Novice: 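Have a look at this one before I ask anything.
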Protein chains: 2
Amino acid sequence: MPHKSVRQRLPYDERREQFVEKAVQFFAREGFESSTRDLARSLGVTQPLLYRYFPSKEDLIREVYEAVYLQRWRDEWNDLLIDRSKSVTDRLNLFYTQYTDVIFRDDWMRIFLFSGLKGIGLNREYLLFIRQNLIEVITREILAEHHVDQMPLSDDEIEFGWTIHGGIFYYGVRLLIYNMAVHPDKSFVIENSIQAWTHQLVAIRKHNLN
Amino acid sequence: MPHKSVRQRLPYDERREQFVEKAVQFFAREGFESSTRDLARSLGVTQPLLYRYFPSKEDLIREVYEAVYLQRWRDEWNDLLIDRSKSVTDRLNLFYTQYTDVIFRDDWMRIFLFSGLKGIGLNREYLLFIRQNLIEVITREILAEHHVDQMPLSDDEIEFGWTIHGGIFYYGVRLLIYNMAVHPDKSFVIENSIQAWTHQLVAIRKHNLN
DNA sequence: TCCACTATTTATCAATTGAAAAATAAGCTG
DNA sequence: CAGCTTATTTTTCAATTGATAAATAGTGGA
């Protein structure tokens with residue numbers, strides 16, 4: 001009974017997608033310094049096959065970044081955040097619940113941190129995106145709801161938004177990177193962060209009005 | 001004119017200390033996957049010399065962790081945080097100013113994140129230490145100052161402490177890992193975080209008293 | 001059924017890696 | 001100055017790495 005070398009032959013596009021998808025999980029687990037041989041093994045193919053689809057390891061990694069960062073933001077979130085038929089608190093609760101469902105995953109978190117340490121440009125671009133589409137929008141909406149939106153946003157107010165956002169993000173880091181025993185209820189963290197955000201932000205603005 | 005091979009001969013302990021110290025900076029800059037040859041070059045010695053002082057690269061890295069984590073906490077901070085001759089706000093301001101002076105450095109931040117991603121045990125130990133010596137202590141002190149310290153600390157209250165602490169920590173991540181344009185005034189972040197901490201913590205306790 | 005195309009594997013290379021063994025030289029002690 | 005100790009370098013190895021070239025085998029079309 002000869003061992004048939006089961007050679008799975010897939011269409012180009014299908015194989016390529018499969019590679020990127022699995023590479024996300026693999027590199028998140030093992031880090032980007034892991035070998036292409038190990039990656040190929042976890043894919044059930046031989047290592048040179050990777051080079052039919054990606055000219056170099058670096059190119060593959062770039063595709064991994066793009067798959068993680070750029071393809072997981074939902075455009076509907078932009079609309080949700082400025083939907084004034086809901087209270088800001090409701091909007092923020094809804095948004096952060098969904099957003100953390102997406103980013104509080106092992107692959108997202110680890111690749112975000114791995115790529116940050118490697119000094120990848122995509123990382124800074126993503127954070128710039130977050131600033132413009134999250135921090136600034138939310139800050140504006142909170143101030144509007146409290147009728148203190150006569151003046152443009154200040155650096156102080158933006159910075160405090162980052163601080164709160166970072167607090168929520170850090171919950172994911174403790175949970176997924178450090179495997180700590182965090183509060184079992186994610187919504188507790190979100191609700192309190194939002195409450196602190198609105199309260200403290202209004203205090204900052206009123207303080208700076210003088 | 002022959003090129004004299006300047007062979008610097010140092011006492012064992014001195015050379016060893018030098019190696020660990022410089023290795024901290026090197027690995028923070030280049031990551032732990034960098035070669036021992038590059039490290040040796042940056043030290044001005046040959047690569048096999050490292051193996052006279054550390055049995056393996058892994059052992060050297062472990063010493064780097066210890067140098068970064070364990071040797072930078074100041075015992076006086078434990079006293080400062082419970083010094084009730086000062087207000088909690090003053091204590092926290094003072095503490096976080098000094099603490100962030102220590103950890104908001106390229107080597108500390110990057111090694112903390114690198115080692116976290118590699119799943120090193122030391123990392124979790126450090127966070128346990130932070131919980132006991134920071135989060136819990138601070139939470140207790142805030143509640144005492146507001147005369148609502150009749151009941152023991154709850155998970156809710158601890159978790160919120162982590163959220164605020166994480167917000168401050170994230171400022172360092174944005175500054176040193178992502179090289180972003182953060183608020184130029186570190187003390188602004190600290191002051192607002194402390195204010196949000198005390199305010200929201202008391203709110204949580206009062207809410208849970210019902 | 002045969003052929004052409006190409007997805008996949010086998011075989012291989014040069015560079016880099018962590019690590020060990022052997023050779024050398026600095027510096028102390030007498 | 002002789003001689004011993006050991007810090008440091010030179011030499012070398014086997015394993016692993018990213019990557020390429022050649023060989024092989026599925027698959028669809030004529």
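Throughout, protein chains are lettered first and strands after them, A, B, ... in sequence-line order, and every chain is numbered starting at 1. Keep in mind that what you see is a predicted model, and the values were worked out from it rather than measured.
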Novice: Consider the side chain of B:R7, meaning its heavy atoms from C-beta on, and name the nucleotide among D:dT6, C:dA25, D:dT10 that approaches it most closely.
Specialist: C:dA25

Novice: Is there side-chain contact between B:Y171 and B:I190, with at least one heavy-atom pair below 4.5 Å?
Specialist: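 A side-chain contact is absent here, since even the closest heavy-atom pair is not under 4.5 Å.
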
Novice: Side-chain polar contacts of residues 135-142 of chain A - donor-acceptor pairs under 3.5 angstrom, sequence neighbours left out - could you list them?
Specialist:
{"from": "A:E136", "atom 1": "OE2", "to": "A:R131", "atom 2": "NE", "distance (Å)": "2.8"}
{"from": "A:E136", "atom 1": "OE2", "to": "A:R131", "atom 2": "NH2", "distance (Å)": "3.4"}
{"from": "A:T139", "atom 1": "OG1", "to": "A:I135", "atom 2": "O", "distance (Å)": "2.6"}
{"from": "A:E141", "atom 1": "OE1", "to": "A:R84", "atom 2": "NE", "distance (Å)": "2.9"}
{"from": "A:E141", "atom 1": "OE1", "to": "A:R91", "atom 2": "NH1", "distance (Å)": "2.7"}
{"from": "A:E141", "atom 1": "OE2", "to": "A:R84", "atom 2": "NH2", "distance (Å)": "3.1"}

Novice: Among A:I61, A:L60, A:D59, which residue meets the side chain to side chain contact (heavy atoms under 4.5 Å, CB included) test with A:K57?
Specialist: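 Passing option: A:I61.
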
Novice: For C:dT16 and B:S35 - does any side-chain N or O of the residue sit under 4.0 Å from the phosphate oxygens OP1/OP2?
Specialist: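 It does not, given that no N or O in the side chain of B:S35 lies less than 4.0 Å from OP1 or OP2 of C:dT16.
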
Novice: Using whole Å, what does the distance between atom P of nucleotide C:dT17 and atom CD1 of B:I61 come to?
Specialist: 14 Å

Novice: Can you tell me the distance, in whole Å, between the CZ atom of B:R52 and the C1' atom of C:dA26?
Specialist: 14 Å

Novice: Check the distance between D:dT9's P and B:L50's CG and give it to me in whole angstrom.
Specialist: 10 Å

Novice: Look at all strands and tell whether A:Y53 reaches a base, only sugar-phosphate, or nothing, counting heavy atoms closer than 4.0 Å.
Specialist: sugar-phosphate

Novice: What are the residues of residues 15-34 of chain B, sorted by number, that bring a heavy atom to within less than 4.0 Å of DNA chain C?
Specialist: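 B:S34, in order of number.
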
Novice: Measure the distance from OH on A:Y12 to C1' on C:dC5 and round it to the nearest whole Å.
Specialist: 15 Å

Novice: Quick one: are B:D156 and A:D185 in side-chain contact, heavy atoms under 4.5 Å?
Specialist: no

Novice: Starting at atom CZ of A:F54, determine the distance to atom P of C:dT8, rounded to an integer number of angstrom.
Specialist: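 About 12 Å, once rounded to whole Å.
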
Novice: Would you say that more than 12 heavy atoms from the other residues, nucleotides or ligands in this model lie under 6.0 Å from the CG of A:D155, or not?
Specialist: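 Not more than 12 within 6.0 Å, no.
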
Novice: When the distance from CZ of B:R41 to P of D:dT9 is rounded to whole Å, what number comes out?
Specialist: 13 Å

Novice: Is there side-chain contact between B:F112 and B:L127, with heavy atoms separated by less than 4.5 Å?
Specialist: yes

Novice: Would you mind checking if B:E66 and B:R62 are paired as a salt bridge, meaning a charged N to carboxylate O distance below 4.0 Å?
Specialist: no

Novice: How close or far is atom C1' of D:dA22 from atom CG of A:L49, stated in whole angstroms?
Specialist: 15 Å

Novice: Using a strict 4.0 Å threshold on nitrogen-to-oxygen distance, state whether A:K118 and B:E33 make a salt bridge.
Specialist: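 No.
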
Novice: Out of C:dG18, D:dG26, D:dT8, which nucleotide sits closest to the side chain of B:R9?
Specialist: D:dT8

Novice: Output the rounded distance in Å from CG (A:L39) to C1' (D:dT16).
Specialist: 16 Å

Novice: For nucleotides 19-22 of chain C, print each protein N/O atom paired with a nucleotide N/O atom at under 3.5 Å, atom names and distance only.
Specialist:
{"from": "C:dA19", "atom 1": "OP2", "to": "B:Y51", "atom 2": "OH", "distance (Å)": "2.5"}
{"from": "C:dA19", "atom 1": "OP2", "to": "B:K57", "atom 2": "N", "distance (Å)": "2.8"}
{"from": "C:dA19", "atom 1": "N7", "to": "B:Q47", "atom 2": "NE2", "distance (Å)": "2.8"}
{"from": "C:dA19", "atom 1": "N6", "to": "B:R37", "atom 2": "NH2", "distance (Å)": "3.2"}
{"from": "C:dA19", "atom 1": "N6", "to": "B:Q47", "atom 2": "OE1", "distance (Å)": "3.1"}

Novice: Are the side chains of A:I103 and A:F169 in touch, meaning some heavy atoms are under 4.5 Å apart?
Specialist: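 Yes, their side chains come closer than 4.5 Å.
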
Novice: Touch check for B:T46, heavy atoms < 4.0 angstrom, all strands: base, sugar-phosphate only, or nothing?
Specialist: base

